[in-house]
Structures are given as structure tokens and as C-alpha cells.
Amino acid sequence: MSARPAPSVAELAEGIAAGSRSALARAITRIESRRPEHREEAEELLRRVLPRSGGAIRVGITGVPGVGKSTTIDTLGMQLIGRGHRVAVLAVDPSSSRTGGSILGDKTRMARLAAEPRAFVRPSPSAGTLGGVAARTRETLLLCEAAGFDVVLVETVGVGQSETAVAEMTDTFLVLMLPGAGDELQGIKKGILELADIVAVNKADGGTLDRARAAAAEYAAAMHVLGADGPDGAVPVLTCSGLTGEGLDAVWDAVVAHRARGLARGAFAERRRRQQVRWMWSLLDERLRAHLRSDPRLRAEVPALENAVGEGTMTPSIAAERLAALLRLCPY
Ligand SMILES: Nc1nc2c(ncn2[C@@H]2O[C@H](COP(=O)(O)OP(=O)(O)O)[C@@H](O)[C@H]2O)c(=O)[nH]1
Ligand SMILES: [Mg+2]
């Protein structure tokens, strides 16, 4: 559709190195493409920008829908830009292709950042499995760093497995909570709190200020009981308002302190090292799945086997064994 010819990988890499947001956006589109020839270009692009990447403060932000993630990111992002940072905002949301709602919602909630030249807001890749979406987002993060964004905020909803994927690509993981703990505490997945480096009870403003403060105290106690304390001791539990900005400076101070402690203890380098190795395996995983799905022997057999398993005339394990045998993954 574009009147312009597609830029070459070299042109995209140069544009990114020069900090061009349009080159960055086009490069991300290339990375998100499912065409095999684009995948090769994407690999080449990543190879080229890799030396310029790695320098940003990478923060994952999660919480239930409606907790105020996008609102908080918009306000925090503007504060950070005011202090001279360049801020990229990415999202991991494998459901966004189905609902379509979150992308629209995020764009309107992050109106200030979206209009800000020192920011770059990119919604979640619009199709794919969690593994695929996470891989593309991770690659996008590297491109943003190479383009000079020194803060990358990655938003994800705290339902499903996407928060783990985001914790796997960031240095500090911030969990936003709603005021009014009590009952809600029961609904919080222990897994999320275990991932948290910082907890902040949002909407600490107006009529919900007192409840937010009470909730923070409860969460702090609950975190301790859950054994969610990190190697540095208790995970900070703060209050903030994404709407007014109140408390967000303390949240950011906690991010910076977490980073500084990690750098001093070696935990920062260790986390990134571990993430690299896990990423290698998840890429292999993704490739194997793609390979499996396109295997003609498998495609010929799968419908009948799925049917038999669904009808209960064949056990899943026997069907899986048959498919594995077709792929010569097991000896019978
Ligand atoms: N009072 C108050 N409302 C907020 C705050 N942050 C977000 N909201 C409101 O909560 C709703 C959901 O916010 P949104 O940022 O879209 O949440 P997300 O789904 O977590 O991204 C919106 O109506 C926001 O205006 C806050 O700090 N205080
Ligand atoms: Mg949102």
C-alpha cells in the first residue's frame, strides 16, 4: 500500500541508530511479519542493532484489567521524559487480537505519551501465541534500545501466563494492585507476587486514598507471609496514583534502587544471563512448533487423531505417540 519502497535492512538499521521513530516503527513491522523472507531480514536487523542494545532500564508492569496500568504508564512516562529520559512503551497481550479492545484502550489511556516525540508507544503484536508475541516484543525491546530509548516499560495484564513472559524480558517487575485488599487478596495469584520486585497499590487518591493505604499495609504483611521477600529483604509495597501522579516518584526511586542493588550484587547480570538462555530455548520451542504444524505427514494425520481423541475412542497419549512416531521422535 505504501508509496515508498520498502527500506532495506541496512537503511532500517541506520535509521534506528539515528534515533528515527519511523525507522523504528517500520523495523518492528518487519519483525512482526510472518513472511519467511522477512524473518531472515529481521534476524539480520537484530544482529546489526545488537551492539547498541541492552542499555535501557527495562520495567515490566502488570496488574488486573482496570487497575490503572496504562494511566500510570502515561503519567510516569511523562514524568520520566521531564527528567530527560526517552521512554518506549510495549505491551504483551496475546488476547488483543481476539478482543481488539485493549489496543484501543491503551492508545486513548496513553494519549500524552502517544503524542510525545520523546516517547514511543507500540501495542502488542496483534496475532500469535504467547510465545510468539513475547518473542516479537523482546526483539522490539532491543530495537527500541538501539534507537536510544533508555527506559522501556512493558505492560501486560496479570492474567494467564503473560506476566511471566514479561518478567522474563525485564529487569524490574512492578505489580499494581487495587485498593481494598481483604477479599481481593484471595484472588491474587501467589505466582504474581513471587515475580514482584515492587508492589504499588494504585488509585491512592480521592475517596480511595485510605483504602489504598490500608491495602498496602495488608499486602506488605501478606507478602511476608507468602515468603515473597527477595534476596534484599522485603519487597517494597507502595501507594500511588496513576491519575494524579502522586507517589510515582517513589515508585521510580524503588525501580532505580532495585537496579542499583542488582548491579552491586551481580543479580542484574545473572538475571539477564538466565533470560538469554531461556530465550534461546523458547525460540527453539517456537521453531519446533512451527515446523511441526507445517509437516505434511502430521497435517495428513492430525484431523483424524484429533477427532478420535475428542470422541474418546483413542487416548491422548496414544495419539501423541503416533504423531511422535510419524516425526521419528520416538522409536516405534
Ligand atoms: N481514581 C483513579 N482512577 C484511576 C487511576 N488510574 C487509573 N484509573 C482509572 O481506572 C480505569 C482503568 O485504567 P487503565 O489505565 O485503562 O487500566 P489498565 O487496564 O490497568 O491499563 C480508568 O477509568 C482510569 O481512569 C488512579 O490512580 N486513580
Ligand atoms: Mg491498559
Side-chain angles (χ1 to χ4, degrees), residues 59-80 87-116 119-126 130 133-134 137 140 151-167 169-170 173-181 184 187-189 192-193 195-196 198-216 219 236-252 254-255:
V59 183
I61 300 178
T62 196
V64 295
V67 71
K69 295 178 294 296
S70 302
T71 306
T72 301
I73 288 169
D74 195 44
T75 306
L76 176 65
M78 291 308 290
Q79 288 182 358
L80 293 171
V87 179
V89 180
L90 311 178
V92 174
D93 181 3
S95 70
S96 65
S97 55
R98 270 175 279 143
T99 61
S102 63
I103 289 175
L104 256 178
D106 284 348
K107 279 201 167 161
T108 52
R109 298 265 184 266
M110 297 196 261
R112 284 175 297 172
L113 276 189
E116 166 58 53
F120 182 81
V121 179
R122 183 84 179 190
S124 184
S126 61
L130 172 59
V133 169
T137 306
T140 298
V151 173
V152 183
L153 308 175
V154 187
E155 171 179 343
T156 193
V157 291
V159 292
Q161 291 299 309
S162 57
E163 65 275 5
T164 309
V166 170
M169 66 178 83
T170 50
F173 197 61
L174 167 64
V175 178
L176 293 182
M177 297 286 202
L178 287 167
E184 278 153 36
I188 296 160
K189 289 189 295 171
I192 291 194
L193 289 177
L195 292 172
I198 303 163
V199 174
V201 181
N202 192 37
K203 310 199 182 185
D205 52 44
T208 45
L209 177 60
D210 290 342
R211 276 203 287 147
R213 285 186 180 150
Y219 286 130
V237 181
L238 309 166
T239 56
C240 66
S241 168
L243 208 58
T244 68
E246 191 79 28
L248 288 183
D249 46 352
V251 170
W252 190 251
V255 170

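Computation of the quantities below employed the complete heavy-atom set of this structure, encompassing side-chain atoms and omitting hydrogens, waters and symmetry-equivalent molecules. Remember, it's 1-based here, ligands and their atoms both numbered in the order they're listed.
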Checklist entry - Do the non-hydrogen side-chain atoms of Met177 and Tyr219 ever get within less than 4.5 Å of each other? => result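 SC-SC contact between Met177 and Tyr219 confirmed.
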Checklist entry - Can you check whether Val87 reaches Leu153 side chain to side chain, under 4.5 Å on heavy atoms? => result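 A side-chain contact under 4.5 Å exists here.
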Measure the spacing between [atom1] of [X] and [atom2] of [Y] and express it to the nearest 0.5 Å.
{"X": "Asn202", "Y": "Leu238", "atom1": "CG", "atom2": "CG", "result": "11.5 Å"}
{"X": "Met169", "Y": "Thr137", "atom1": "CE", "atom2": "OG1", "result": "5.0 Å"}
{"X": "Thr72", "Y": "Glu155", "atom1": "OG1", "atom2": "CD", "result": "9.0 Å"}

Checklist entry - Glu155: which N/O/S atom is nearest the Mg ion (ligand 2)? => result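 Nearest to the Mg ion (ligand 2) within Glu155's N, O and S set: OE2.
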Checklist entry - Around atom CZ of Arg112, are there more than 12 heavy atoms of other residues, nucleotides or ligands at under 6.0 Å? => result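 Atom CZ in Arg112 is crowded, with more than 12 foreign heavy atoms closer than 6.0 Å.
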Next on the checklist: Suppose I only count heavy atoms of Thr71 and a 4.0 Å limit; which atoms of ligand 1 are within that range?
Outcome noted: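 Selected atoms, number and element: 6 (N), 7 (C), 13 (O), 14 (P), 15 (O), 24 (C).
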Item to check | Among Thr72, Asp205, Val201, closest by any non-hydrogen atom to atom 28 (N) of ligand 1 | outcome: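 The nearest heavy atom belongs to Asp205.
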Checklist outcome for this item: Restricting to heavy atoms, the pick from Met110, Glu155, Lys203 nearest atom 9 (C) of ligand 1 would be Lys203
Checklist entry - Any N/O/S of Thr71 under 2.8 Å from the Mg ion (ligand 2)? => result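 Here the distance criterion (N, O or S atom, under 2.8 Å) is not met by Thr71, so no.
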Checklist entry - Is there a donor-acceptor contact under 3.5 Å from the side chain of Thr156 to the main chain of Thr62? => result no
Checklist entry - Can you find an N/O atom of Cys240 closer than 3.5 Å to an N/O atom of ligand 1? => result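 It does not: no N or O of Cys240 is found under 3.5 Å from an N or O of ligand 1.
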Next on the checklist: So, regarding Gly242 and ligand 1 (criterion: nitrogen or oxygen to nitrogen or oxygen, under 3.5 Å), is there a contact or not?
Outcome noted: yes
Next on the checklist: Heavy-atom distances under 4.0 Å decide this one: backbone, side chain, both or neither, for Pro65 against ligand 1?
Outcome noted: backbone
Checklist entry - Is it the side chain, the backbone, both or neither of Val67 that has a heavy atom closer than 4.0 Å to ligand 1? => result both
Checklist entry - Below 4.0 Å from any atom of ligand 1, is there a heavy atom belonging to Gly206? => result no
